[in-house]
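Please read the structure below before turning to the comments.
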Amino acid sequence: MGFFFNPALLIGLALAAAPIIIHFLNKRKFEVHEWAAMDFLFQASIINRRRVKLEDLLLLLLRTLLIIFLVLVVARPLIKGLGDWSEDQRLVIFDDSFSIDRRTPTGSTFDLARETAVNQVQDAVGRSVPVDIRLGSRPHEAGLNLGPSGEKDSGQENQNRDQKAQRSWEILESIREIQPSDRPIELAQILERLVEEVDSEEASHKRSVVLVSDFRRVDWFEGESSQFKPELRAAFEKIRDKDLSDRLGFHLIDLGRPATDNVTVTDVKISSKHPTIGVGLKIQVEIANFSKTLKTHINGSIEMAPAQSTVFKATKRLSLPPVPQIPPGERVTVEIETKFEEADTYLVRAVLEEDSLPRDDESFAVIHVKEGLEVLLVDGDPSPDRFGGEADYLLAALSPRGNLPSGVKAKKISGIIKESDLDNIDVLFLLNKETLQGQEKQLVENFVSDGGGLAYFLGNKVNEQNYASFAKPPKDGPENEVLFPATLGKLKKEIKGVALLPKDMEHGAFSIFKGLEGSPMNRKLFQSFNEIAPHEVATISASYNDTKKTPGIIEAPYGDGKIAIFNTTADRDASDWPTDPSFVIVLQEWVRYLAPQYSSKRNLTVGEPLRWRIRPGFKYAVYDPKGKRHEVEAEETTSGSVLKELSFPDTALAGFYRLEESWPGGAQRSTEESSNKVTWFASRRVEQESILTPIGAGKLESALDGYGIRYALGKETKTDAFQNEQEGEIWRWLAYAVGGILLLELFLAWWFGRK
């Protein structure tokens with residue numbers, strides 16, 4: 001028994017003594033007188049005495065029980081398991097995150113969770129309760145809904161019953177076909193949506209919310225504390241503040257296991273930002289031990305395949321260096337040195353020996369290998385002499401003679417830039433170019449927006465007014481993105497020369513000089529440069545050491561790319577820098593800094609959308625890791641702007657995604673323009689899903705205190721476990737018992753009296 005609704009009225013139980021007191025008071029004492037005639041009657045009274053005493057005790061018991069039950073009726077006791085909860089709807093939340101897909105001697109925990117969800121749906125259908133099942137990793141998606149069968153007084157009752165049976169079968173089959181997702185469960189978003197639905201209902205329906213999960217600590221608590229995550233705490237506070245506790249009953253079915261041993265691959269990456277053929281690099285694999293014990297003798301391998309087929313099929317396998325041991329809660333990184341002999345996209349899979357949670361014993365990466373970074377030099381003042389043009393020194397610096405590969409492939413053009421000139425280009429240099437004519441400006445804008453790098457070198461042909469127009473944002477672009485992120489001023493001359501000093505030696509293009517004494521960047525090589533003011537979104541990477549600290553290199557983001565302005569010339573008109581050894585090193589490092597990192601953009605985490613720039617007229621399809629095809633349609637923009645990017649958000653599985661673009665035909669295009677293109681992405685699991693530490697029933701109950709939440713918690717998977725945990729009133733049954741006892745007492749009193 002739990003407690004009484006009116007415990008103060010239990011004092012009335014003292015009245016149960018009244019029949020007993022009256023019974024003893026009615027026992028009168030007699031004075032004995034011997035009378036010979038009564039001796040014959042004495043023998044007869046002995047025979048009836050026992051029967052009369054038994055009848056008196058029976059009536060005494062009934063009258064005492066009558067008073068006790070009357071008192072209990074008004075005190076209203078509450079007894080667990082006999083509650084009056086009546087569910088109008090049932091919501092089954094199925095935790096489909098991969099942490100629940102653990103292997104046990106009796107089978108998979110995920111299989112048990114799936115059967116539990118099936119039992120809940122079957123029970124709801126049997127009770128004629130509308131039921132809705134939703135996946136915990138996708139809180140905003142519509143669930144599998146089964147409503148009531150329809151109006152019974154309609155002429156289509158049998159048809160409705162058949163439709164409901166068919167729908168029930170379809171839902172149950174759908175549940176049985178559910179596979180684990182690689183996304184984490186989103187508890188806070190689930191509760192937020194639930195609160196919105198219940199709060200918007202006009203009728204006060206009671207809803208049972210059944211959560212089938214493994215109840216891991218990281219899903220509920222913030223770090224190592226015993227407090228709910230802020231967003232989860234806010235959701236529970238809404239339930240309390242909106243007085244929804246009486247309309248929601250939570251059945252928390254914990255299918256977690258006490259063992260927490262798990263070793264996982266948390267990351268796969270490469271040491272080079274721009275892998276090129278013939279240049280060695282390291283593939284780095286990070287392994288974490290999320291167990292509470294020391295793990296030893298950990299073995300694994302790396303599988304690789306060129307992305308030439310439609311599915312991943314390893315053509316090369318390398319064993320990982322064995323890991324002797326990993327302490328609990330620690331992680332180690334192992335490396336394999338390799339190099340690629342052909343330019344291609346390579347798919348990489350790192351895998352460990354399987355443990356109880358095999359899904360996180362693998363991770364994936366895409367490596368895009370090029371022959372070299374493609375650089376286009378646009379010479380604004382060409383010359384037939386070997387080093388007379390603007391691009392000649394820079395061409396020699398980026399692509400030096402010899403057999404040793406530098407990882408950079410540079411070529412130069414002059415005149416107007418055409419669309420074909422920018423094919424496969426990584427970095428574009430505009431060298432003393434007067435202006436961008438016709439469609440050139442749009443081509444350059446698109447190139448940088450798509451991730452390319454753009455660098456300017458100034459000179460005597462640069463038209464200040466034209467470049468001022470480049471400092472205005474494009475029609476369809478953000479206001480803080482401009483093609484020339486600075487304002488040009490007058491030409492300044494320093495007869496004695498000044499040095500170009502980096503602002504931060506940690507900068508990606510200057511870090512190679514960090515710690516060197518007598519850095520070549522300290523030489524006074526520059527005799528003239530322009531006054532220049534950077535745009536508000538631009539930053540100064542290097543300045544001259546003149547009195548005004550004039551900016552020497554300015555950089556700014558633009559779309560997915562970067563822009564740099566070198567406030568000097570690429571020839572020897574303004575400085576002796578092109579003949580200094582630092583020119584070769586700094587410009588090659590700037591090329592690598594400005595160039596897009598293809599591999600990093602194609603390696604994502606589960607839940608992050610795939611994004612790509614579109615080509616007008618092309619159609620796009622994404623194939624997920626299971627080979628399922630998903631068409632991606634371009635939605636019309638409401639602002640009237642030109643759509644430049646598409647995305648595929650449904651990355652619920654870890655593995656390799658293949659993006660195919662195809663030309664449907666119709667309009668006349670060149671073979672090169674209409675050629676199909678395949679792009680690969682790798683999606684990795686969230687490492688928090690590999691932490692299997694359970695929350696613990698006691699800590700969860702303590703955290704729920706104060707929110708007024710009606711809940712039942714445990715590992716009980718029976719469908720009526722929630723109802724069995726509820727404390728309900730039984731005063732009606734006690735009232736019926738009072739009436740029955742009263743009638744029985746009256747009947748027995750009459751029956752005994754007539755004897």
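Any value given below was found using the heavy atoms of this structure, including those in side chains, with hydrogens, waters and symmetry copies removed.
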Under 3.5 Å: donor-acceptor pair, side chain of R349, backbone of E362: no
Only one of R247, K242, R134 forms a salt bridge (Lys or Arg N to Asp or Glu O under 4.0 Å) with E197, so which one is it? R134
Hey, does the side chain of D95 reach the backbone of V212 with a donor-acceptor pair shorter than 3.5 angstrom? no
From Q688 CD over to D219 CG, what is the distance, rounded to the nearest 0.5 angstrom? 10.0 Å
Give a yes or no answer on whether the side chain of T651 reaches the backbone of P609 with a donor-acceptor pair at less than 3.5 Å. no
Pairing of R611 and D560 as salt bridge, 4.0 angstrom limit: no
Does N262 use its side chain to pair, donor to acceptor, with the backbone of S690 at less than 3.5 Å? yes
Would you mind reporting whether D360 and E689 have side-chain heavy atoms less than 4.5 Å apart? no
So, are R103 and E354 salt-bridged, with charged N and O less than 4.0 Å apart? no
Over all atoms of both residues, closest heavy-atom pair of V265 and V268: CG1-CG2, 4.1 Å
Ring centers of F94, F110 separated by less than 6.0 Å: yes
Considering only heavy atoms from C-beta outward, does the side chain of L135 approach that of S181 to under 4.5 Å? no
How close do D88 and H205 get, counting heavy atoms only, and between which atoms? OD2-CA, 3.4 Å
Any donor and acceptor pair, going by atom type alone, linking the side chain of N603 with main-chain N or O of K269 inside 3.5 Å? no
Do R685 and F98 meet the cation-pi criteria used here (NZ or CZ under 6.0 Å from the six-membered ring centre, within 45° of the axis)? yes
Atom pair OG (S226) and CG (L700), whose distance is rounded to the nearest 0.5 Å: 11.0 Å
Determine, step by step, whether I695 and F221 satisfy the side-chain contact (heavy atoms from CB on, under 4.5 Å) criterion, reporting the C-alpha distance in whole Å, the side-chain angles of both residues, the deciding distance to 0.1 Å, and the verdict. CA-CA 8 Å; I695 187 173; F221 287 164; 3.7 Å; yes
Just so I know, are the side chains of N289 and E330 near enough to count as touching, which here means a heavy-atom distance under 4.5 Å? no
How far apart are the closest heavy atoms of V195 and A235, and which atoms are they? CG2-O, 4.2 Å
Quick one: do V263 and L352 satisfy side-chain contact (heavy atoms from CB on, under 4.5 Å)? Show the steps, please. CA-CA 9 Å; V263 178; L352 302 179; 4.0 Å; yes
Is the closest basic N to carboxylate O distance between R138 and D96 below 4.0 Å? no
Using the rule given for side-chain contact (heavy atoms from CB on, under 4.5 Å), can you reason through H251 versus S208, listing the C-alpha separation, both sets of side-chain angles and the distance that settles it, and then say yes or no? CA-CA 7 Å; H251 180 191; S208 295; over 6 Å; no
Counting C-beta onward and ignoring hydrogens, is there a side-chain heavy-atom pair between L320 and I336 closer than 4.5 Å? yes
Should V622 and D650 count as side-chain neighbours, where that means a heavy-atom distance under 4.5 Å? no
So, E196 and R193, do they make that salt bridge, N to O below 4.0 Å? no
Rounded distance [0.5 Å steps], CG in L191 versus CD in E237: 12.5 Å
More than 12 heavy atoms from other groups under 6.0 Å of NZ on K229: yes
Between CG on residue L713 and CG on residue D254, distance to nearest 0.5 Å: 6.5 Å
Would you confirm whether D182, through its side chain, and A654, through its main-chain N or O, come within 3.5 Å as a donor-acceptor pair? yes
NZ/K238: more than 12 non-hydrogen atoms of other groups inside 6.0 Å: no
Heavy-atom side-chain contact between I239 and Y707 under 4.5 Å: no
Regarding R216 and S99, do their side chains bring together a donor and an acceptor under 3.5 Å, going by distance alone? yes
Check this for me, if you would: do D132 and R207 make a salt bridge, where the nitrogen-to-carboxylate-oxygen distance has to be below 4.0 angstrom? no
Is the shortest heavy-atom distance from the side chain of T109 to the side chain of T104 under 4.5 Å? yes
Hey, could you give me the CD1/CD1 distance between I253 and I93, rounded to the nearest 0.5 Å? 11.5 Å
Under 3.5 Å side-chain donor-acceptor pair for S108 and D101: yes
To check you understand the geometry: which heavy-atom pair defines the closest contact between E481 and G559, and what is its length? OE2-N, 2.9 Å
The single option from F656, W680, F681 passing ring pair (Phe, Tyr, Trp, His ring centres under 6.0 Å) against F364: F656
Minimum heavy-atom separation for R114 and I175, please, with both atom names. CD-O, 3.0 Å
Is R233 reaching over with its side chain to a backbone N or O of F228, donor-acceptor style, under 3.5 angstrom? yes
Is it true that the side chains of T293 and S291 contain a donor and an acceptor less than 3.5 Å apart? no
Under the 3.5 angstrom rule, does the side chain of T264 hit a backbone N or O of T266 as a donor-acceptor pair? no
Distance from I185 atom CD1 to S137 atom OG, nearest 0.5 Å? 8.0 Å
D214 vs L255, test: side-chain contact (heavy atoms from CB on, under 4.5 Å). Steps then yes/no. CA-CA 5 Å; D214 54 358; L255 300 182; 5.6 Å; no
Shortest non-hydrogen contact from Q284 to S271? NE2-CB, 4.2 Å
Has R176 got a side-chain atom pairing as donor or acceptor with V118's backbone, closer than 3.5 angstrom? no
P139 side chain near E186 side chain, heavy-atom distance below 4.5 Å: yes
